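Report on one structure; see the data block that follows.
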Amino acid sequence: MKTLITNGAIINADETLAGDVLIDGEKIAAVGAAIPKSGVDRVIDAAGKLIMPGGIDVHTHLEMPVGDIASSDDFFTGHRAAAFGGTTTHLDFANQAHGQTLRDTINAWHSRANPKAVIDYGYHITVVDGNDAVLAEIAELKSMGVNTVKMLMAYKGRVMVDDETLFKVMQKCAEQDLLVMTHCENGDAIYTLQNQALAAGHTEPIWHALTRPALLEAEATNRAIKLAEVAGCRLYVVHVTNAGSLEAIALSRAKGNTKLNAETCIQYFFFTKDDLKRPNFEGAKWICSPPFREASDPPALWAGVAKGDLDIVSTDHCPWLMEHRLRGLRNFMDIPNGVPSIEHRMTLLWHFGVGEGRITPQRFVQLTAANPAKLFGIPQKGRIAPGLDADVLVWDPNAENVISAKTHKMRVDYDCWEGTVTRGKPAQVLRRGELLVDGDAWLGVAGSGQYLRRA
Ligand code: MN
Ligand code: MN
């Protein structure tokens with residue numbers, strides 16, 4: 001199957017050029033001016049449109065089990081929603097349960113993902129135990145196609161690691177040249193503030209934000225950076241939400257730390273802790289960790305992505321149905337955390353980033369596809385170039401989209417951006433040469449997405 005995309009403006013991380021893109025099977029075969037149509041099976045006219053690499057979302061939680069429920073998008077519905085929004089690859093977190101081997105953890109994720117996948121996918125392993133058996137197993141991760149290890153410095157008593165485990169795993173990852181990812185919040189201090197709030201009778205969603213202040217994220221971010229420097233490992237700080245954390249990252253990089261990278265997630269550009277104050281537990285929809293911050297933080301994050309202190313915009317997509325969000329509700333601690341956003345990352349970043357003049361189209365490609373490919377070991381993706389996977393977006397910069405839970409593809413019964421109008425969305429989405437989305441039509445097939453073994 002040969003597809004020719006003609007007359008578009010091709011946008012890569014470092015160049016913009018007019019030309020055609022020839023796709024042969026799963027790969028991009030040629031990029032250039034006036035490629036002949038002979039022998040081509042399908043022609044897509046991209047006049048007036050842009051041709052960009054498919055998005056890579058490096059932070060998602062699909063069908064993530066918590067107790068007897070799971071996040072509501074599985075590896076089919078989540079992939080379909082991602083593809084409609086222009087994302088053709090994602091990396092999910094395979095979360096170790098206490099006592100579980102890393103291999104069993106990854107196999108549990110495979111069993112959910114393999115039959116349903118439509119876009120291509122890989123995993124980070126989330127380590128919760130720091131015993132010798134787990135440390136030894138870290139040396140085998142590359143043979144399982146996993147080159148990233150995540151740890152949480154929060155959620156005390158559940159999945160938090162202490163500094164001893166954090167540091168030992170960092171040392172092991174330095175030895176194995178694995179990238180360490182950290183959720184940076186001071187879990188001990190948060191635990192104390194939560195217990196004090198509950199004892200004082202505070203139940204409302206806003207207390208989720210009030211018991212997780214930004215300074216505790218900044219402190220943990222700084223701590224992770226320093227521990228990683230001592231351990232000698234590469235570090236990627238996930239979901240940076242505020243100016244203080246960004247300062248810690250920018251300072252370390254300014255001093256020459258070249259082993260430090262960081263992301264923010266699309267929702268942190270839009271909301272503040274005031275959204276948690278909406279009445280009748282409506283604020284529960286805006287509960288995620290770290291929480292939304294002050295009105296001064298989103299502009300700081302925009303400056304961070306424009307300047308380069310933040311390398312990637314991901315989602316931390318973790319959807320929960322309202323019946324699960326409000327089930328057995330006694331207080332803010334009972335509400336599952338997470339914002340549904342896998343579908344909206346690219347369209348929101350395009351409209352409010354490129355459309356409103358905060359970032360260039362090339363920076364958009366860097367943040368959504370090229371940097372994820374580079375930092376996470378996916379060299380076959382993230383660029384429109386011969387020999388690479390044909391993950392291609394034909395992007396219509398003028399197409400309007402009205403966000404609504406009634407029309408979005410995510411399997412969740414509300415939308416934090418309900419009513420928001422954006423301009424710019426994919427007209428066609430190809431994953432390894434296969435047309436997944438054509439206008440409003442869905443053509444993807446469950447099971448066609450491939451597991452990415454990353455090196
Ligand atoms: Mn997190
Ligand atoms: Mn997460």
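We count ligands from 1, going down the list as the structure has it; atoms in each ligand are counted the same way. Just so we're clear, the structure is a prediction, and the values are computed from it rather than from any experiment.
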Counting backbone and side chain alike, does His183 bring an N/O/S atom below 2.8 Å of the Mn ion (ligand 2)? no
Looking only at N, O or S atoms in Asp316, which is nearest to the Mn ion (ligand 2)? OD1
Could you tell me whether the Mn ion (ligand 2) has an N, O or S atom of His61 under 2.8 Å away? yes
Measuring centre to centre across the rings, with the benzene-like ring taken for any Trp, is Tyr191 within less than 6.0 Å of Tyr155? no
Does Lys142 NZ have over 12 foreign heavy atoms under 6.0 Å away? yes
Name the orientation class of the two ring planes belonging to His344 and His408 (parallel below 30°, tilted from 30 to 60°, perpendicular beyond 60°). tilted
Tell me whether the centres of the aromatic rings in Phe292 and Phe270 are closer together than 6.0 Å. no
